[in-house]
Amino acid sequence: MREYLLTLLITAAVTYLLTGPVRKFAIVAGAMPEIRARDVHREPTPRLGGIAMFFGLCAGLLVADHLENLNEVFAKSNEPRALLSGAALIWLIGVLDDKFEIDALIKLGGQMIAAGVMVVQGLTILWLPVPGVGLVAVTQWQGTLLTVALVVITINAVNFVDGLDGLAAGMVCIATAAFFMYAYRIWYGYGIEAAAPATLFAAILMGMCLGFLPHNMHPARIFMGDSGSMLIGLVLAGSAISVTGQIDPDRLNLFSGSERSTVHQMVPAYIPLLLPLSIIAIPAADLVLAIVRRTWRGQSPFAADRGHLHHRLLEIGHSHSRAVLIMYFWSALIGFGVLAYSVNSASMWIVLGVVFLSAIGLVMLLLPRFTPHAPRWAQHFVPPRYRRYPEPSEEGEEAGTESGEASTAALTDATTASTAVAAVPGVNGATAIGARTRSAKSRKVRI
């Protein structure tokens with residue numbers, strides 16, 4: 001575990017330290033597109049954050065190659081090299097798209113080529129776990145098609161959900177944490193070496209997301225762009241492909257008997273083999289709904305719009321930060337719920353806990369305008385939106401104290417700015433995009 005934590009920390013540190021210089025480079029290079037109708041942010045923000053994430057990936061793999069316990073992953077498997085090759089190709093396509101806005105079909109073709117590069121170097125699906133049957137071998141063509149399909153779906157699912165500050169990186173990090181715990185349990189707890197590459201990929205992916213998040217939280221100073229969203233989507237898919245079909249039920253020693261009866265009895269333990277599909281359940285659902293919605297309107301499936309799940313959360317009145325936290329909550333509930341169910345499927349407490357947390361999530365969705373207020377002793381430790389401002393009194397107005405005037409002026413400016421934003425067509429609610437109280441000069445992008 002120490003080697004994985006060291007790899008994670010170095011990956012996060014490299015990503016974090018490089019994001020600042022990459023932001024300056026993106027501004028100089030002009031990778032700051034104009035605000036589009038579907039965008040939520042109000043100020044031009046540089047992209048190309050995927051550059052820092054890619055170098056974080058390279059640093060994580062380099063460090064892992066020099067660690068004693070993780071060096072065997074590179075010696076016994078070609079999967080790390082395959083992942084790096086596919087990641088380099090998809091990252092290059094993303095960088096070009098962030099700068100020049102290449103066509104969607106060209107990006108789709110690049111995603112397929114990147115998946116094919118990984119398949120050629122050995123990172124492919126060889127077996128599929130089928131409940132009641134066991135491990136079923138797939139042909140070369142079947143494995144290639146399944147691998148390419150999983151990579152393309154995962155990349156586009158992550159890319160589609162990248163619409164709010166910190167949303168994609170946070171959701172992928174939470175989901176990958178659940179996947180890491182499962183893969184590490186299989187590798188260390190049961191001694192199955194085939195799960196070691198997936199565990200390493202998950203640790204590196206968490207480091208990439210954690211290192212980039214401080215720069216990407218609302219209000220974001222830099223976006224990861226397609227160079228980042230497609231990159232983390234490919235790494236997530238690579239982790240899934242690496243572990244799928246590599247687990248022998250007889251080696252888990254959960255049941256006795258033949259492999260057929262073992263697989264039939266331990267169906268819940270096989271759920272995490274499809275865990276990557278569950279941890280991107282929300283992005284995948286958003287992807288399917290977007291395709292259906294656009295084709296129903298007679299549009300291209302790749303046509304951008306403001307109908308994604310995070311856009312709908314903003315439309316019903318949730319603030320930017322709360323919408324992101326709600327998506328985090330559901331991502332964690334699905335990922336860790338499946339993980340807990342795989343560990344002990346016979347426990348009714350796990351099912352009841354998931355149901356209870358789901359109810360809490362529904363309540364959060366139905367209370368978009370509820371704003372908790374901190375007690376008086378914590379006023380100086382919470383963001384301004386959670387503070388209680390005293391109502392102006394007649395005595396206070398007559399006295400004309402500096403504190404009362406400053407407070408009233410701040411509230412007036414915020415109300416005026418919010419009204420102006422709400423009057424702009426295409427902006428969904430003042431709570432969705434809160435007005436900033438900065439001056440016009442401070443709105444310029446700082447290098």
Side-chain angles (χ1 to χ4, degrees), residues 3-4 6-8 10-11 53-93 110-129 135-155 176 179-180 182-184 186-188 190-208 230-248 251 273 275-276:
E3 288 80 4
Y4 287 115
L6 178 60
T7 303
L8 187 153
I10 291 180
T11 303
M53 303 178 80
F54 176 75
F55 282 104
L57 170 66
C58 296
L61 291 175
L62 181 63
V63 170
D65 190 21
H66 288 79
L67 294 178
E68 182 178 357
N69 293 334
L70 297 183
N71 186 38
E72 297 181 357
V73 176
F74 297 84
K76 298 180 180 179
S77 174
N78 198 43
E79 293 182 357
R81 301 175 185 85
L83 179 72
L84 183 59
S85 301
L89 180 57
I90 203 68
W91 169 75
L92 180 60
I93 296 173
Q111 295 168 8
M112 294 182 177
I113 295 175
V117 169
M118 296 195 312
V119 170
V120 170
Q121 299 190 49
L123 187 56
T124 182
I125 297 176
L126 302 176
W127 307 82
L128 283 179
L135 294 179
V136 177
V138 297
T139 63
Q140 182 178 0
W141 282 106
Q142 291 173 342
T144 301
L145 292 177
L146 289 173
T147 302
V148 172
L150 182 59
V151 170
V152 172
I153 290 174
T154 307
I155 289 176
T176 307
F179 181 77
F180 172 81
Y182 168 73
Y184 183 80
I186 296 298
W187 172 73
Y188 184 78
Y190 296 101
I192 300 178
E193 295 294 336
T199 310
L200 175 62
F201 299 160
I204 293 176
L205 181 56
M206 282 193 294
M208 295 164 59
M230 293 197 300
L231 175 64
I232 62 178
L234 181 135
V235 177
L236 180 61
S239 303
I241 294 168
S242 177
V243 76
T244 300
Q246 301 295 327
I247 310 302
D248 186 1
R251 295 191 61 181
L273 291 179
L275 188 61

* To do: Kindly compute the distance separating CG (Asn78) from CE (Met118), expressed to the nearest 0.5 Å.
  => 12.5 Å
* Asked: Distance from Ile10 atom CD1 to Leu62 atom CG, nearest 0.5 Å?
  -> 9.0 Å
* For Leu236, which of Thr154, Val151, Ile155, Ile241 qualifies under side-chain contact (heavy atoms from CB on, under 4.5 Å)? -> Thr154
* Given side chain to side chain contact (heavy atoms under 4.5 Å, CB included), test Leu61 with Arg81 step by step and report yes or no. => CA-CA 9 Å; Leu61 291 175; Arg81 301 175 185 85; over 6 Å; no
* Non-hydrogen atoms of Cys58 and Leu84 that approach each other most closely -> SG-CD1, 4.0 Å
List, one per line, each side-chain donor-acceptor pair under 3.5 Å for residues 138-149, sequence neighbours excluded.
unit_1, atom_1, unit_2, atom_2, d
Thr139, OG1, Gln142, N, 3.2
Thr139, OG1, Gln142, OE1, 3.4
Gln142, OE1, Thr139, N, 3.1
Thr144, OG1, Gln140, O, 2.8
Thr147, OG1, Thr124, OG1, 3.1
Thr147, OG1, Ile125, N, 3.1
Thr147, OG1, Gly143, O, 2.7

* Asked: Closest approach of Ala64 and Phe74, non-hydrogen atoms and distance?
  -> C-CE1, 3.7 Å
* Asked: Residues in side-chain hydrogen bond (donor to acceptor under 3.5 Å, both in side chains) with Ser85, at least two apart?
  -> Gln121
* Asked: Using 30° and 60° as the class limits, which term best fits the ring planes of Phe55 and Trp91: parallel, tilted or perpendicular?
  -> perpendicular
* Can you tell me how far CE of Met208 sits from CG of Leu8, rounded to the nearest 0.5 angstrom? -> 11.5 Å
* For Gly110 and Ile93, work out which heavy atoms get closest and say how close. => CA-CD1, 3.3 Å
* Structure fact -> Note: Val117 and Gly86 closest approach over all heavy atoms is CG1-N, 4.3 Å
* Nearest non-hydrogen partners of Val243 and Ala198, listed with the distance -> CB-CB, 3.9 Å
Show me, pair by pair, the donor-acceptor contacts under 3.5 angstrom made by side chains of residues 199-206, not counting sequence neighbours?
unit_1, atom_1, unit_2, atom_2, d
Thr199, OG1, Ala183, O, 3.4
Thr199, OG1, Ala195, O, 2.8

* Quick one: sort the Phe180 and Tyr184 rings into parallel, tilted or perpendicular, breaks at 30° and 60°. => parallel
* Asked: So do Ser242 and Leu123 actually touch side chain to side chain, heavy atoms under 4.5 Å?
  -> yes
* To do: Search all heavy atoms of Thr11 against all heavy atoms of Gly207 and return the closest pair with its distance.
  => CG2-C, 3.8 Å
* All pairs passing side chain to side chain donor-acceptor pair (under 3.5 Å) where residues 63-75 contributes a residue, at least two apart -> Glu3-Asn69
* To do: Kindly compute the distance separating CE (Met230) from CG (Leu89), expressed to the nearest 0.5 Å.
  => 9.5 Å
